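Each chain gets a letter, A, B and so on, in the order the sequences are listed, and its residues count up from 1. Predicted model only: the values in this text are computed from it and were never measured.
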Amino acid sequence: MAHKVYSSLDLAVADIPDGARIMFGGFGGAGFPNNLIQALSQRGIKDVTAISNNCGTKDGELGLMFKHNQVRHVIASFPGPHAHYFQERLAAKEVALELVPQGILCERMRAAAAGLQGFYTTVGVGTEVANGKEERVIEGKRCILEMPIHADYALIKAEKADELGNLTYRLAARNFNPIMAMAATTTIVEVEEIVPIGAIPPEHVLTPAIFVHRIVQAKGIRYAG
Amino acid sequence: MAHKVYSSLDLAVADIPDGARIMFGGFGGAGFPNNLIQALSQRGIKDVTAISNNCGTKDGELGLMFKHNQVRHVIASFPGPHAHYFQERLAAKEVALELVPQGILCERMRAAAAGLQGFYTTVGVGTEVANGKEERVIEGKRCILEMPIHADYALIKAEKADELGNLTYRLAARNFNPIMAMAATTTIVEVEEIVPIGAIPPEHVLTPAIFVHRIVQAKGIRYAG
Amino acid sequence: MPDKPRLTREQIAQRAALELPDGAYVNLGWGIPNLIADHLPKNVQVYFHSENGILGMGRRAKPGEEDLDLVDAMKVPVTLISGASFFHQADAHLMTRGGHLDVAVLGGFQVSEKGDLANWKVPGAKGSGGIGGAMDIAAGAKKLLVCMEHTTKEGAPKIVRQCTYPLTSLSCVDTVITDLAVIDVQPGGLMLREIAPGWSFDEVQKLTGAPLMTLGRPPEIKLD
Amino acid sequence: MPDKPRLTREQIAQRAALELPDGAYVNLGWGIPNLIADHLPKNVQVYFHSENGILGMGRRAKPGEEDLDLVDAMKVPVTLISGASFFHQADAHLMTRGGHLDVAVLGGFQVSEKGDLANWKVPGAKGSGGIGGAMDIAAGAKKLLVCMEHTTKEGAPKIVRQCTYPLTSLSCVDTVITDLAVIDVQPGGLMLREIAPGWSFDEVQKLTGAPLMTLGRPPEIKLD
């Protein structure tokens with residue numbers, strides 16, 4: 001059996017190289033892997049491509065990585081007016097931004113997860129989102145071609161993991177986490193609780209173990225910013 | 001509040017017109033809406049386009065509708081060597097068949113559900129599945145363009161429904177049912193049990209009520225053929 | 001005209017609430033739309049969807065009742081109604097984009113006579129701007145309402161022939177509800193359906209950047 | 001040659017079982033592959049995936065233990081191991097197509113020297129044929145093994161320069177395990193890695209429709 005449980009946050013992120021493409025789960029303050037982000041930032045990683053709905057709040061969530069100028073490229077749907085450090089870095093041209101509609105961000109990640117090579121959508125047609133993208137008419141509708149978004153790592157947050165990596169999420173802290181878990185080569189999850197194998201009923205597993213590569217229990221920052 | 005609970009199987013399928021495009025859930029004997037199929041067949045419907053993984057077993061599951069020659073067109077992944085009536089109708093050219101790889105069948109239905117207009121996949125490239133489909137190379141890979149599959153109705157089977165239409169499925173009887181529920185204009189579910197609103201914990205709902213339009217409790221044929 | 005009373009933001013929300021049919025699945029966007037939930041008629045039950053993966057959102061959480069894992073798309077702690085469900089964000093937007101929502105209500109900066117919507121970015125504003133779920137919602141809702149003031153703070157029309165702000169989605173708006181009028185986007189143009197009390201068609205037309213049509217004398221905006 | 005002993009179907013499965021690394025997520029197809037689960041080495045734990053939405057399938061159900069809602073992709077009642085999970089069929093094939101399975105093992109009618117696979121339809125056979133999950137699985141598995149007899153009942157090679165049967169997927173096969181040999185599909189051609197006891201390279205080559213390579217004298221097929 002593969003051993004997925006890591007004894008510390010630092011070990012769980014120890015090998016993520018500079019320049020990595022990393023997905024970060026979370027939405028609206030809920031379901032952010034805040035402790036993994038702290039560990040990653042403290043390690044002094046740089047030149048990250050971050051894929052995330054938003055760009056943090058001040059020092060909170062991803063904000064920390066912008067504060068320390070560790071992100072070069074962002075793919076996001078709603079960076080957020082309160083993402084002060086991100087906005088500063090963007091104004092200083094220290095970070096590049098690709099804005100993606102939120103549902104399309106999900107679908108592009110899911111396409112990568114599902115081994116699809118691209119899809120057509122009406123979302124974004126005629127807007128700046130369509131710039132540089134192939135456009136065609138399908139059954140009378142103008143569509144653009146959207147490409148998969150894959151990542152080297154996904155940092156996600158779950159409520160419980162069993163030792164195999166089956167996950168559950170609490171309430172609306174689910175959000176992007178299950179999608180990102182599927183779309184990265186290596187998925188690292190911080191959880192509130194590690195439970196014995198078999199403790200999660202098979203019908204209630206929300207992310208099957210096949211998508212989870214490293215598990216670490218985090219007692220620390222649950223909500224940030 | 002919308003009233004989704006129907007008092008009989010016959011009423012639940014009463015308005016499905018001849019020529020309708022209908023998805024049928026189920027796989028490997030599990031999760032088939034056998035009682036809805038019986039009611040639909042007994043009504044004497046004809047010229048159905050059936051979207052289903054398989055084509056029944058003798059009189060069982062969809063077999064009944066082929067026995068009575070009620071299906072004109074089938075979109076399926078594995079009709080099945082034991083689908084005797086289907087195979088007879090096919091040999092007699094009374095039914096037309098579109099064969100689709102199983103995962104691509106799921107994705108084409110999901111694309112319809114998700115408002116996507118088509119997707120590229122490597123699955124089927126160079127095989128008869130690719131006949132008549134657009135081919136292009138994306139990032140060095142030969143891909144074909146697959147189009148959404150939508151239906152007028154989905155007939156599915158679940159374990160429990162609450163009166164709003166939230167569903168759970170038992171074990172591997174889940175299979176195609178949640179996907180089809182999302183991909184049809186009108187989704188009709190037969191369930192083993194109707195439970196009060198609130199009886200299914202929000203984190204354990206497998207098909208949210210928004211996808212379910214009619215609910216009927218069926219005490220009858222659970223496994224067929 | 002400047003000192004003539006217009007509808008308040010709460011009244012716009014109150015009017016918009018009447019557009020939600022019983023049993024509807026509904027997504028409410030930022031701004032005025034977010035006020036609508038408080039104005040639902042007593043006999044109407046609608047199911048609120050949030051793009052972070054909730055169906056069946058209830059009222060906002062009271063002080064002491066907040067759970068930071070249960071927030072709406074605006075990060076506001078909310079409650080659930082009985083029969084609610086959670087799902088991941090891809091399924092949440094499968095619902096928006098796939099035509100599963102009966103009604104979506106968004107705020108707007110501009111709406112064109114063809115129903116184009118601009119609501120995510122003010123030209124020249126500082127910062128990155130952000131799209132969020134608006135483009136998916138606008139593209140997919142069965143019925144899209146826009147709630148906004150009829151004119152900008154400077155008095156310029158927000159209903160225009162052609163949007164000059166960055167677009168959210170083309171030909172997506174069905175009805176605009178402002179502090180002066182209820183206007184339907186129809187194939188032939190903008191149909192003024194109701195008008196604010198005390199305002200004439202010509203007065204509203206003057207504050208509108210695209211031609212309005214009307215069938216006879218438009219009735220006053222109904223609020224209940 | 002016809003009376004020389006070849007591996008049995010069980011032995012082919014036994015050999016294939018050795019290709020499954022500890023901790024691997026594995027899908028087993030129809031035919032010989034379905035026999036593999038009974039031959040896993042004691043110290044190896046793998047997790048079996050079924051395309052109808054199961055991860056962590058256990059052994060087949062014993063008489064009296066069957067639950068018809070818990071069947072594998074071949075409709076056979078199975079059991080679960082601890083830590084199993086269920087998901088819908090779209091997620092099941094997200095796993096197959098998306099490269100999440102470490103190893104998939106399929107049966108085969110023909111494999112070409114480029115690793116093309118034909119395994120779903122016999123030309124001229126009666127009936128519709130059926131694709132099932134094979135095309136998604138073949139396209140997506142990190143490593144694809146094919147288990148089959150080396151020749152047809154009529155003695156014709158099943159390993160060929162070019163498939164003449166309807167194709168399942170192009171350039172997908174990594175390794176073929178037959179009753180005569182273990183053969184890796186490499187960029188330069190087919191590499192015979194192991195050979196059945198008592199068989200020579202030339203004898204196996206004669207029953208193979210494409211040229212084989214070998215590094216020195218190939219060892220006998222290991223079974224444990």
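Considering only heavy-atom pairs separated by less than 4.5 Å from chain D, the leading option among B:Met109, B:Glu128, B:Arg110, B:Glu88 is B:Glu128. Note: B:Ser77 leads B:Gly124, B:Ser77, B:Gly126, B:Cys55 in heavy-atom pairs under 4.5 Å with chain D. For the set D:Gly53, D:Gly130, D:Gly132, D:Ala73, the count of heavy-atom pairs under 4.5 angstrom toward chain B peaks at D:Gly132. The candidate from B:Pro81, B:Ala30, B:Gly31 with the greatest count of non-hydrogen atom pairs under 4.5 Å with chain D is B:Ala30. Between chain D and the options B:Gly80, B:Ala91, B:Pro178, B:Ala83, the largest number of non-hydrogen pairs under 4.5 Å is found for B:Pro178. Comparing D:Pro166, D:Gly140, D:Gly129 by how many heavy-atom pairs each has under 4.5 Å with chain B, the most go to D:Gly129.
Here the CG-CG distance, from B:Asn53 to D:Asn52, works out to 9.5 Å after rounding to the nearest 0.5 Å. To the nearest 0.5 angstrom, D:Leu117 atom CG is 11.5 Å from B:Thr127 atom OG1. From B:Cys106, atom SG reaches atom CD of D:Glu51 across 10.5 Å, with rounding to the nearest 0.5 Å.
Across B:Leu99 and D:Ser128, no two heavy atoms sit closer than the pair CD1-O, 3.9 Å. Heavy-atom minimum distance, D:Met135 versus B:Pro101: SD-CG, 3.7 Å.
In this structure, B:Lys141 places its NZ atom where only 12 or fewer heavy-atom neighbours from other residues, nucleotides or ligands lie under 6.0 Å away. For B:His82, the NE2 atom is loosely surrounded, since the number of other residues' heavy atoms within 6.0 Å does not exceed 12. Within a 6.0 Å radius of NZ in D:Lys158, more than 12 heavy atoms belonging to other residues, nucleotides or ligands are found. Around atom CD of D:Gln162, no more than 12 heavy atoms belonging to other residues, nucleotides or ligands sit under 6.0 Å away.
In this structure, the portions of D:Leu68 lying under 4.5 Å from any heavy atom of chain B include both its backbone and its side chain. Only the backbone of B:Val100 has a heavy atom closer than 4.5 Å to any heavy atom of chain D. For a residue to count as touching a neighbouring chain, one of its non-hydrogen atoms must lie under 4.5 Å from one of that chain's; by this rule B:Phe86 touches chain D with the side chain only. For chain B, the nearby part of D:Thr168 is the backbone; its heavy atoms alone come within less than 4.5 Å. The contact between D:Lys121 and chain B is made entirely by side chain atoms (from C-beta outward), counting heavy-atom distances below 4.5 Å. Looking at B:Ile104, the atoms closer than 4.5 Å to chain D (heavy atoms on both sides) sit in the backbone and in the side chain alike.
Taking non-hydrogen atoms and a 4.5 Å limit, the residue list of residues 82-95 of chain D in contact with chain B, ordered by number, reads D:Phe86, D:Phe87, D:His88, D:Gln89, D:Ala90, D:His93. By a heavy-atom distance cut of under 4.5 Å, not one residue of residues 172-179 of chain D is near chain B.
Between D:Leu170 and B:Arg142 there is a side-chain heavy-atom pair separated by less than 4.5 Å. Residues B:Gln102 and D:Ile131 fail the side-chain proximity criterion, which asks for heavy atoms closer than 4.5 Å.
Side-chain rings of B:Phe78 and D:Trp120 stay apart, their centers remaining 6.0 Å or farther from each other.
At least one donor-acceptor pair closer than 3.5 Å links the side chain of D:Asp136 to the backbone N or O of B:Gly103.
Using modelled atom types and a 3.5 Å distance limit, the side chains of B:Tyr223 and D:Asp69 yield a donor-acceptor pair.
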